[in-house]
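Worksheet: one structure, shown below.
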There are 2 protein chains.
Amino acid sequence: MERNRCNCAALRKASRHMTLFYDAALEPSGLRSTQFAMLTEIHRRGDAAPAIGDLAEALVMDQSTIGQNLRPLQRDGLVTLERDEADRRSRLVKLTRAGRSRLADARPLWLAAQEKFEDGFGKRAAAELRNQLVGIAGDPSLVPERAELQKQKA
Amino acid sequence: MERNRCNCAALRKASRHMTLFYDAALEPSGLRSTQFAMLTEIHRRGDAAPAIGDLAEALVMDQSTIGQNLRPLQRDGLVTLERDEADRRSRLVKLTRAGRSRLADARPLWLAAQEKFEDGFGKRAAAELRNQLVGIAGDPSLVPERAELQKQKA
DNA sequence: CCCCAATACCGGGATATCCCACTATATCCA
DNA sequence: TGGATATAGTGGGATATCCCGGTATTGGGG
């Protein structure tokens with residue numbers, strides 16, 4: 001069919017629909033999908049608090065998007081931003097006690113959503129799909145600008 | 001790895017990255033990915049001009065999102081909205097001459113992006129991926145509310 | 001024929017997302 | 001060491017996206 005021939009549109013439709021599903025699952029925690037992803041990434045770093053740019057790279061988002069998206073979390077006291085004394089241009093993002101607590105509330109809700117999705121879609125199929133998606137998200141040939149940024153670090 | 005275990009986050013990251021790629025490709029036409037997808041869907045209907053709700057269903061978007069997203073296109077004279085005299089609650093969305101022209105400008109840019117992506121990702125792999133994504137976007141078990149809406153129509 | 005539930009849309013409000021231009025800081029190198 | 005360049009983040013502006021509550025219209029009983 002001529003319909004759904006566009007790789008980008010297909011990805012975006014699935015992304016919108018999947019987001020509705022995860023947002024509904026996370027709703028009791030008061031977190032949206034993006035917020036849960038950001039808090040999870042910050043938590044994953046443990047003691048090595050990430051700067052805004054680190055989050056941007058890990059989450060495949062623009063730096064300014066990270067800054068923007070952190071505001072509601074900061075306003076609600078889930079994260080703090082403090083200057084990195086080792087490089088005063090950077091701001092380190094840290095979870096507060098309330099942030100860790102909120103994340104702990106959300107995790108079982110997220111896990112339930114994962115399981116519900118994978119029950120229907122197939123655990124193996126889901127892992128394979130994520131593999132493909134991670135490949136796309138990290139493909140430097142798609143966005144040359146970002147490829148250069150990657151090269152800088154190597 | 002613990003990282004990238006979330007199906008939703010993986011989908012969203014890939015969606016963001018892919019969108020950058022298609023947006024860059026479409027840039028000379030002045031259309032963004034979403035706008036191109038909307039104009040394409042309207043055009044696909046031919047003489048049977050869709051209402052806002054029809055577009056919402058086809059594009060897996062909220063009705064209010066469609067309405068919002070149509071505004072820049074309307075402002076730029078690419079589409080018109082007119083009351084459906086057969087059901088005065090509905091508004092039919094139609095391409096203007098300028099809209100058709102803009103879409104014609106964008107199509108080769110889109111096709112080049114498709115080919116460039118599929119050159120790297122594999123034509124067969126891309127088709128398979130789209131298949132999976134269409135399945136997710138249309139899965140009524142993920143968002144029960146929408147499932148009911150679907151049932152109404154059956 | 002009239003009332004009521006359902007439907008189609010809109011307006012307001014919030015988050016999500018990007019780009020651009022700007023500031024502050026750091027780094028490199030002549 | 002001092003100035004050019006590069007990097008980290010912010011603020012403003014635009015589109016994208018959802019939900020909720022309200023309005024107009026429709027269609028089905030009674």
Side-chain angles (χ1 to χ4, degrees), chain A residues 9 12-13 15-24 26-27 30-38 50-57 59-76 81-93 143 145-146 148-149 152-153, chain B residues 9 12-13 15-24 26-27 30-38 50-57 59-76 81-93 143 145-146 148-149 152-153:
Chain A
R12 289 173 66 84
K13 287 181 194 179
S15 177
R16 286 190 287 263
H17 199 65
M18 184 77 101
T19 300
L20 286 188
F21 174 61
Y22 275 77
D23 277 356
L26 291 173
E27 194 274 336
L31 294 176
R32 326 284 275 343
S33 297
T34 297
Q35 299 176 331
F36 177 77
M38 287 201 299
I52 286 185
D54 297 329
L55 292 179
E57 186 182 334
L59 297 171
V60 194
M61 270 185 205
D62 192 87
Q63 266 190 343
S64 66
T65 304
I66 299 287
Q68 212 58 34
N69 290 356
L70 283 173
R71 277 177 210 189
L73 300 176
Q74 201 176 3
R75 180 200 60 204
D76 296 344
L81 282 164
E82 39 189 270
R83 285 211 173 283
D84 179 358
E85 289 305 328
D87 182 343
R88 296 182 50 74
R89 291 170 303 181
S90 293
R91 284 174 173 274
L92 301 180
V93 186
V143 185
E145 256 180 53
R146 301 221 165 161
E148 281 172 36
L149 295 183
Q152 305 296 330
K153 313 189 58 172
Chain B
R12 290 173 66 84
K13 286 180 195 179
S15 178
R16 285 190 287 263
H17 199 67
M18 185 76 103
T19 300
L20 287 188
F21 173 62
Y22 275 77
D23 276 356
L26 290 173
E27 194 274 335
L31 295 175
R32 326 282 284 327
S33 297
T34 297
Q35 299 176 329
F36 178 76
M38 287 200 298
I52 286 185
D54 297 328
L55 292 179
E57 186 183 333
L59 298 171
V60 194
M61 272 185 204
D62 193 88
Q63 265 191 345
S64 65
T65 304
I66 298 287
Q68 213 56 36
N69 291 355
L70 282 174
R71 277 176 211 190
L73 300 177
Q74 202 176 4
R75 179 201 59 202
D76 296 345
L81 281 164
E82 40 187 271
R83 285 215 173 282
D84 179 357
E85 288 306 327
D87 182 343
R88 296 182 50 73
R89 291 170 301 182
S90 294
R91 285 174 173 275
L92 301 180
V93 186
V143 186
E145 256 181 53
R146 301 222 166 162
E148 281 172 35
L149 294 184
Q152 304 295 332
K153 313 189 57 174

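Chain A is the first sequence line, chain B the second, and so forth, proteins listed ahead of strands; every chain is numbered from 1.
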Go along nucleotides 22-27 of chain C 5' to 3' and tag each nucleotide: B for a protein heavy atom under 4.0 Å from its base, S when only backbone or sugar atoms are that close, - otherwise. --BBS-
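- Dashed line: the shortest gap from a side-chain N or O of A:Ser64 to OP1 or OP2 of C:dT17 is not under 4.0 Å.
- The CE atom of A:Met18 sits 18 Å away from the P atom of C:dA16 (whole-angstrom rounding).
- When the P atom of C:dT17 is taken as reference, atom CD of B:Gln35 falls 18 Å away, rounded to whole Å.
- What separates CG of B:Asp62 from C1' of C:dA8 is a distance of 12 Å, to the nearest Å.
- In this structure, CZ of A:Arg32 is placed 13 Å from C1' of C:dT17, rounded to the nearest angstrom.
- Distance from the side chain of A:Ile52 is smallest for D:dG9 among the nucleotides C:dT17, D:dG11, D:dG9.
- For A:Arg91 and D:dT7, the CZ to C1' distance is 16 Å, given to the nearest whole Å.
- Taken to the nearest 0.5 Å, the CD1 atom of B:Ile52 stands 10.0 Å off from the OG atom of B:Ser64.
- Here the side chain of B:Arg91 pairs no donor or acceptor atom with the backbone of B:Arg83 at under 3.5 angstrom.
- Distance CZ (A:Arg16) to C1' (C:dA16): 13 Å, rounded to an integer number of Å.
- Note on B:Thr65: a side-chain N or O is less than 4.0 Å away from OP1 or OP2 of D:dC18.
- Counting to the nearest Å, the P atom of C:dA21 and the CD atom of A:Gln63 are 17 Å from each other.
- With sequence neighbours left out, A:Arg89 forms a salt bridge (Lys or Arg N to Asp or Glu O under 4.0 Å) with A:Asp87.
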Check step by step if side chain to side chain contact (heavy atoms under 4.5 Å, CB included) holds for A:Arg32 and A:Leu26. CA-CA 7 Å; A:Arg32 326 284 275 343; A:Leu26 291 173; over 6 Å; no
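- Side chains of A:Arg12 and B:Ser33: a donor-acceptor N/O pair is absent below 3.5 angstrom, by distance only.
- Rounded to whole Å, atom C1' of C:dG11 lies 17 Å from atom CD1 of B:Ile66.
- Of the listed residues (A:Leu73, A:Leu92, A:Val93), just one forms a side chain to side chain contact (heavy atoms under 4.5 Å, CB included) with A:Leu81, and that residue is A:Val93.
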Hey, mind stepping through A:Thr65 and B:Arg16 against side chain to side chain contact (heavy atoms under 4.5 Å, CB included) and telling me if it holds? CA-CA 12 Å; A:Thr65 304; B:Arg16 285 190 287 263; over 6 Å; no
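- For the contact set between residues 67-76 of chain A and DNA chain C, defined by any heavy atom under 4.0 Å, the members are A:Gln68, A:Asn69, A:Pro72, A:Arg75.
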